[in-house]
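In this chain, residues are counted from 1 in sequence order.
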Amino acid sequence: LTTKEGQHGWTRFISSPQILSLIDDGEDICVKKIKECNIEVVKSLATAKDLSGSSAIEAAVEKIQTALCDRLPAEGLLCMFHRAEKGKIKSYEPMYQFIDAALSDPHIEQMLLQIYEAGNSFTTAWHRMVTIESMGNDNGIVFKIARVFQNIHKKKDPQGRSAYDLADAKCRNQINLATLFCGKYRLGEKLHQSRTCMVFLAERINANRRGNGRDIVADETATDVTEKKSIDKEEEDLVVVKFMKHKSMYDREIEGRKGLKNRFVIGI
């Protein structure tokens with residue numbers, strides 16, 4: 001397998017169920033070789049075999065394809081996704097065996113956002129995934145991807161739609177859990193920083209409405225937060241989140257507001 005001729009010959013060998021059937025445990029021999037050979041050989045075999053799905057190897061020798069995917073988890077993740085989309089497997093469950101390893105691949109985000117044709121329109125694997133209810137299971141595919149790539153929910157498909165806007169309700173909830181501070185606040189622009197604290201503008205995301213995954217920045221024309229009456233209901237959910245270095249500072253903030261009316265002092 002160290003030469004191009006050797007790789008080509010072996011590729012032809014594992015592509016031919018008729019040849020494999022002549023050798024006892026032929027697919028097991030191939031799997032063993034895949035596990036032992038260097039990653040560049042695996043990549044050439046995977047490319048030759050078209051992991052997205054129409055080769056003889058896919059129909060005839062599942063063990064070999066799984067072995068290739070194990071060595072290339074990012075490709076494996078997308079392979080299983082596209083196979084499920086094309087109806088070649090019955091569910092998206094096989095993706096779970098690859099997701100953790102796939103997220104360590106430096107190219108996985110780019111791969112998730114590659115454009116492909118789905119039905120009569122063009123989209124990306126990521127934008128399609130967030131519309132699938134089963135992808136929104138607790139600690140599932142969508143949660144794990146959104147946790148690693150904190151801004152991927154803002155990415156737009158070829159039609160200009162963000163993944164957050166397209167997301168199924170369960171998937172949107174998992175995106176929120178993965179990206180929101182305390183599961184409730186989407187941090188935006190930093191408004192203030194000192195040696196002991198930082199203050200951020202944030203959007204409070206309500207579970208019963210979509211939100212929009214927008215970039216959150218301050219309105220520089222507003223001089224008084226209490227005077228800012230918004231026609232846009234979403235702006236009514238803008239808050240300020242303050243981080244303090246020492247717990248004693250937090251305790252003083254709470255103590256100093258005791259007995260005061262929220263009409264005059266912002267309550268906590």
Side-chain angles (χ1 to χ4, degrees), residues 99-100 103 109 112 126-127 129-157 161-194 196-220 222 224-258 260-268:
I99 181 62
D100 292 327
L103 288 174
E109 183 177 18
L112 287 167
W126 167 241
H127 288 82
M129 287 177 189
V130 299
T131 67
I132 301 169
E133 183 181 10
S134 63
M135 296 282 186
N137 293 336
D138 291 343
N139 198 36
I141 301 291
V142 166
F143 174 82
K144 290 185 176 185
I145 293 173
R147 182 181 59 184
V148 173
F149 303 109
Q150 288 283 301
N151 290 314
I152 197 170
H153 63 281
K154 300 178 183 178
K155 300 293 185 179
K156 294 182 178 180
D157 71 355
R161 303 169 298 180
S162 75
Y164 194 84
D165 284 338
L166 289 174
D168 165 83
K170 284 180 65 176
C171 291
R172 193 180 315 121
N173 182 57
Q174 290 299 306
I175 291 172
N176 287 341
L177 289 174
T179 61
L180 300 184
F181 175 64
C182 292
K184 185 181 294 186
Y185 302 102
R186 176 161 290 123
L187 300 181
E189 181 183 4
K190 183 192 295 182
L191 301 178
H192 170 75
Q193 180 174 355
S194 70
T196 57
C197 76
M198 289 189 295
V199 179
F200 289 85
L201 187 66
E203 180 184 13
R204 180 173 54 224
I205 303 297
N206 296 324
N208 61 352
R209 75 173 179 82
R210 292 185 68 93
N212 61 5
R214 62 184 169 171
D215 291 323
I216 304 161
V217 296
D219 182 349
E220 296 180 357
D224 188 332
V225 175
T226 61
E227 292 178 357
K228 191 179 176 186
K229 301 297 183 181
S230 173
I231 297 175
D232 183 354
K233 186 178 186 331
E234 289 185 354
E235 291 189 19
E236 295 176 5
D237 288 328
L238 291 180
V239 298
V240 170
V241 177
K242 184 176 183 180
F243 295 89
M244 286 165 276
K245 186 175 183 179
H246 304 292
K247 184 177 183 300
S248 59
M249 299 169 57
Y250 166 80
D251 292 336
R252 285 198 297 270
E253 292 265 2
I254 299 299
E255 189 66 28
R257 284 168 169 75
K258 286 185 177 179
L260 300 178
K261 297 181 178 179
N262 288 348
R263 178 182 175 188
F264 303 105
V265 178
I266 297 175
I268 296 179

Q: What distance do Lys242 atom NZ and Met249 atom CE have between them, rounded to the nearest 0.5 Å?
A: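 Those atoms lie 6.0 Å apart.
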Q: When rounded to the nearest 0.5 angstrom, what is the spacing between CZ in Phe181 and CZ in Phe200?
A: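 Output value for this atom pair is 10.0 Å.
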Q: Assess the residue pair Asn176 and Arg186 against the criterion (side-chain contact (heavy atoms from CB on, under 4.5 Å)); give the C-alpha distance rounded to whole Å, side-chain angles, the decisive distance to 0.1 Å, and a yes or no.
A: CA-CA 8 Å; Asn176 287 341; Arg186 176 161 290 123; 3.4 Å; yes
Q: Could you tell me whether a side-chain N or O of His127 sits under 3.5 Å from a main-chain N or O of Lys155, the two making a donor and an acceptor?
A: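 Side chain of His127 to backbone of Lys155, a donor-acceptor pair under 3.5 Å: yes, one is there.
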Q: Given the rule in the side-chain contact (heavy atoms from CB on, under 4.5 Å) test, do Tyr164 and Arg172 qualify, once you have shown the distances and angles that lead to the verdict?
A: CA-CA 6 Å; Tyr164 194 84; Arg172 193 180 315 121; 3.6 Å; yes
Q: Are Cys197 and Met244 side-chain neighbours, meaning at least one heavy-atom pair lies under 4.5 Å?
A: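 Result yes, sub-4.5 Å side-chain heavy-atom pair found.
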Q: If you compare all heavy atoms of Ala178 against all heavy atoms of Gln150, which two are closest, and at what distance to 0.1 Å?
A: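 For Ala178 versus Gln150, the nearest heavy atoms are O-NE2, 3.1 Å.
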Q: What residues form a side-chain hydrogen bond (donor to acceptor under 3.5 Å, both in side chains) with Asp157, not counting sequence neighbours?
A: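 So Asp157 forms a side-chain hydrogen bond (donor to acceptor under 3.5 Å, both in side chains) with Arg161.
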Q: Taking all non-hydrogen atoms of both residues into account, name the closest pair between Ile175 and Thr179 and its distance.
A: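 Minimum heavy-atom contact is O-OG1, 2.7 Å.
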Q: Can you list, pair by pair, the side-chain donor-acceptor contacts under 3.5 Å of residues 138-145, counting residues two or more places apart and other chains?
A:
residue	atom	partner	partner atom	Å
Asp138	OD1	Gln174	NE2	3.1
Lys144	NZ	Asp100	OD1	3.0
Lys144	NZ	Asp100	OD2	3.4

Q: Looking only at atom types and distance, does a side-chain atom of Asn137 sit under 3.5 Å from a main-chain N or O of Ser134, one as donor and one as acceptor?
A: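 Yes: the side chain of Asn137 pairs with the backbone of Ser134.
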Q: Taking all non-hydrogen atoms of both residues, which atom of Ile132 and which atom of Cys171 are closest, and how far apart?
A: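 Taking every non-hydrogen atom into account, O-SG, 3.2 Å.
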Q: For the residue pair Met198 and Gln193, what are the closest heavy atoms and their distance?
A: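 Nearest heavy atoms, Met198 then Gln193: CG-CG, 3.6 Å.
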Q: Can you tell me how far apart CG (Asp237) and OH (Tyr185) are? Round to the nearest 0.5 Å.
A: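 Here the interatomic distance stands at 10.0 Å.
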Q: Please confirm whether the backbone N or O of Ile152 pairs with a side-chain atom of Trp126, one donor and one acceptor, at under 3.5 Å?
A: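 Flag set: sc Trp126 to bb Ile152 pair under 3.5 Å.
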Q: Val148: what forms a side chain to side chain contact (heavy atoms under 4.5 Å, CB included) with it, not counting sequence neighbours?
A: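 Expected list: Leu103.
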Q: For Lys170, does the NZ atom sit with more than 12 other heavy atoms under 6.0 Å from it, leaving out its own atoms?
A: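 Buried by this count: over 12 neighbours within 6.0 Å.
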Q: Determine, for Glu255 against Lys258, whether the closest basic-nitrogen to carboxylate-oxygen distance falls under 4.0 angstrom.
A: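 Between Lys258 and Glu255 there is a salt bridge, with a charged N closer than 4.0 Å to a carboxylate O.
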Q: What heavy-atom pair brings Ser194 and His192 nearest, and what distance separates the two atoms?
A: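 Reported closest heavy-atom pair: CB-NE2, 3.8 Å.
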